[in-house]
Amino acid sequence: MRAELGPDAAAVPLVMADSGDEVSLGAMVGATRVVLSTVGPYALYGSLLVRLCAEQGVDYCDLTGEVPWMARMLAAHGDTAARSGARIVHCAGFDSVPSDVGVHVLQREAATRLGAPCTRVGMRLKAASGAFSGGTVASLLNVLREARADDETRALLADPYALCPREGRPSTEQPEVGLTARDALSGGWIAPFIMGAINTRVVHRSHALRAHAWGADFRYDEAVMTGGGVRGWMGAAGMGAGLGGFMAALSVPPTRWLLERFVLPAPGEGPSPEAQERGFFDIRLFGLTADDASLQLRVTGDRDPGYGSTCKMIGEVAVALADGIGEYPGGGFFTPSVALGDALVERLEAHAGMTFEVID
């Protein structure tokens, strides 16, 4: 990669470290201010790195969507990071920057325009073009393996507040998107969004870290918009059935093996550079206050969500951490929006091809 970057990169040093070797990994962490990790599945290869960053007071960001692993890291190293000053920021890519930062912007605008926070927010994927990465698939498969083997993991995956502190945890029942549903927020048909089980947990953690500023009855869900009428219903039904069938196939060893062998990308594989350039995403966030005042935010990205946009998102998070930017003092385990706030919004719009636009 250094050679591909040209002669100007020849002086960039290469630091060798093994994800399972504490000595080499500790030396790498001790030589820098920020670690950006894309080494997943993180439950297999990332735990030691998080521990070392927390112990040495080094900021860290990654692309994980592995909720059980994040919960374990938070429980094991949250106090250590708070003492050392390390800012640990999970989910700094398409999971979960558009959702997490989008809700942050929506609530900021709601306070200004409506005079109150939105107590009901729905994220809806309106359109996107992209492909799964092999690393994302590997992480998903590992989470499914953990869930099959452990009752506690299954319960954690079903808990919308899985990443929230236990003290003061809300009891509000959260919306669940069925395989096909009529959506009161967008007015059309919707289907489940495969990343919703991750993003919703991150948004609820942001709310908890903000001392539940959006209200104890705050509700949030995510879905894919398929349009109105019969065509919208057929799209939602097809998408819901396809997602249900896909997850069922991954849960059974024989069909999972066939998918891994012949269909799914392997770790390190993903869309071509041309496909990344052609990719995009268009997300809508619908918010309602307690008095039913409404606000809609559009969040867009100009590249493939899983690669082209994700690499720019996590790059901006890492640079912001390195520059000491942020609104939350001290160390700990933070979401992107809580760690970096409006400064991250500005960086994403200036350098990452993203927009956050209120729709009147």
Side-chain angles (χ1 to χ4, degrees), residues 94 96-128 160-161 170-178 180-193 195-197 199-229 231-233 235-236 239-240 280-301 335-338 341-342 344-346 348-349 354-360:
F94 190 65
S96 301
V97 167
S99 303
D100 182 48
V101 177
V103 172
H104 164 75
V105 175
L106 180 78
Q107 296 289 23
R108 184 193 69 197
E109 294 299 314
T112 300
R113 297 167 183 251
L114 306 178
C118 294
T119 57
R120 172 75 174 97
V121 177
M123 179 279 227
R124 303 293 182 255
L125 179 66
K126 180 175 175 61
Y161 303 111
S171 58
T172 302
E173 185 175 351
Q174 293 298 317
E176 291 188 9
V177 179
T180 304
R182 186 78 178 180
D183 185 26
L185 292 175
S186 65
W189 291 94
I190 54 173
F193 181 44
M195 302 301 184
N199 298 333
T200 52
R201 277 62 177 167
V202 173
V203 169
H204 283 302
R205 178 162 179 79
S206 289
H207 186 213
L209 292 175
R210 292 187 171 96
H212 303 105
W214 309 328
D217 56 347
F218 174 71
R219 295 183 298 143
Y220 178 78
D221 67 346
E222 299 195 347
V224 179
M225 298 169 62
T226 60
R231 187 172 181 177
W233 175 83
M239 188 174 294
F280 70 95
F281 63 86
D282 184 344
I283 285 170
R284 306 300 170 93
L285 286 157
F286 297 88
L288 292 174
T289 69
D291 295 328
D292 286 332
S294 63
L295 190 66
Q296 184 181 161
L297 185 79
R298 182 186 184 202
V299 181
T300 65
T335 61
S337 72
V338 172
D342 288 337
L344 179 57
V345 177
E346 294 171 5
L348 293 171
E349 292 192 316
M354 291 184 64
T355 65
F356 300 84
E357 174 191 10
V358 172
I359 298 177
D360 294 322

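None of these values were measured; they are calculated from a predicted model.
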Is the closest side-chain heavy-atom distance between [X] and [Y] below 4.5 Å?
X      : Y      : value
Thr119 : Leu288 : no
Arg124 : Asp183 : yes
Glu357 : Val105 : no
Phe356 : Glu109 : no
Val345 : Val101 : yes
Arg284 : Ser186 : no
Ile283 : Met123 : yes

List the atom of [X], the atom of [Y], and the distance in Å for their closest heavy-atom pair.
X      : Y      : value
Gly187 : Arg182 : O-NH2, 3.2 Å
Val177 : Ile190 : CG1-CD1, 4.1 Å
Pro170 : Ala216 : CB-O, 3.9 Å
Pro117 : Ala213 : CG-O, 3.9 Å
Gln174 : Tyr220 : OE1-N, 2.8 Å

Before you tell me yes or no, could you show the steps for Arg210 and Ser337 under side-chain hydrogen bond (donor to acceptor under 3.5 Å, both in side chains), namely the whole-Å CA-CA distance, both residues' side-chain angles and the distance that decides it to 0.1 Å?
CA-CA 10 Å; Arg210 292 187 171 96; Ser337 72; 3.3 Å; yes
Quick one: do Arg219 and Asp221 make a salt bridge, cutoff under 4.0 Å?
no
Can you list the steps and then say if Arg113 with Leu295 is a side-chain contact (heavy atoms from CB on, under 4.5 Å)?
CA-CA 9 Å; Arg113 297 167 183 251; Leu295 190 66; 4.0 Å; yes
Residues Thr172, Tyr161; criterion side-chain contact (heavy atoms from CB on, under 4.5 Å); working and verdict:
CA-CA 10 Å; Thr172 302; Tyr161 303 111; 3.7 Å; yes
Between Glu222 and Ser99, does a side-chain hydrogen bond (donor to acceptor under 3.5 Å, both in side chains) hold up when you go through it step by step?
CA-CA 9 Å; Glu222 299 195 347; Ser99 303; 2.7 Å; yes
Can you name the side-chain hydrogen bond (donor to acceptor under 3.5 Å, both in side chains) partners of His207, sequence neighbours left out?
none
Check the pair Gln107, Cys118 against side-chain contact (heavy atoms from CB on, under 4.5 Å), reporting the backbone distance first and the verdict last.
CA-CA 6 Å; Gln107 296 289 23; Cys118 294; 3.6 Å; yes
Let me confirm one number: the [atom1]-[atom2] distance from [X] to [Y], rounded to the nearest 0.5 Å.
X      : Y      : atom1 : atom2 : result
Arg120 : Phe218 : CZ    : CZ    : 9.0 Å
Phe281 : Thr300 : CZ    : OG1   : 6.5 Å
His204 : Asn199 : NE2   : CG    : 11.0 Å
Thr112 : Arg108 : OG1   : CZ    : 7.5 Å
Leu125 : Met195 : CG    : CE    : 10.5 Å
Leu344 : Asp342 : CG    : CG    : 9.5 Å

Sequence neighbours excluded, which residues qualify as side-chain contact (heavy atoms from CB on, under 4.5 Å) partners of Thr180?
Trp189, Trp233, Ala236, Ala237
If only side-chain N and O atoms count, and only distance matters, is there a donor-acceptor pair under 3.5 Å linking Ser206 with Asp100?
yes
Please report the C-alpha distance between Leu348 and Val97 in whole Å, then the side-chain angles of each, then the deciding distance to 0.1 Å, and finally whether the side-chain contact (heavy atoms from CB on, under 4.5 Å) criterion is met.
CA-CA 10 Å; Leu348 293 171; Val97 167; 3.7 Å; yes
Is it the case that over 12 heavy atoms from other parts of the model lie below 6.0 angstrom from the CZ atom of Arg231?
no
Could you tell me whether the side chain of Thr289 and the main chain of Ser294 form a donor-acceptor pair under 3.5 Å?
no
Could you point out which residue of Val103, Leu297, Val203, Leu185 forms a side chain to side chain contact (heavy atoms under 4.5 Å, CB included) with Val121?
Val103
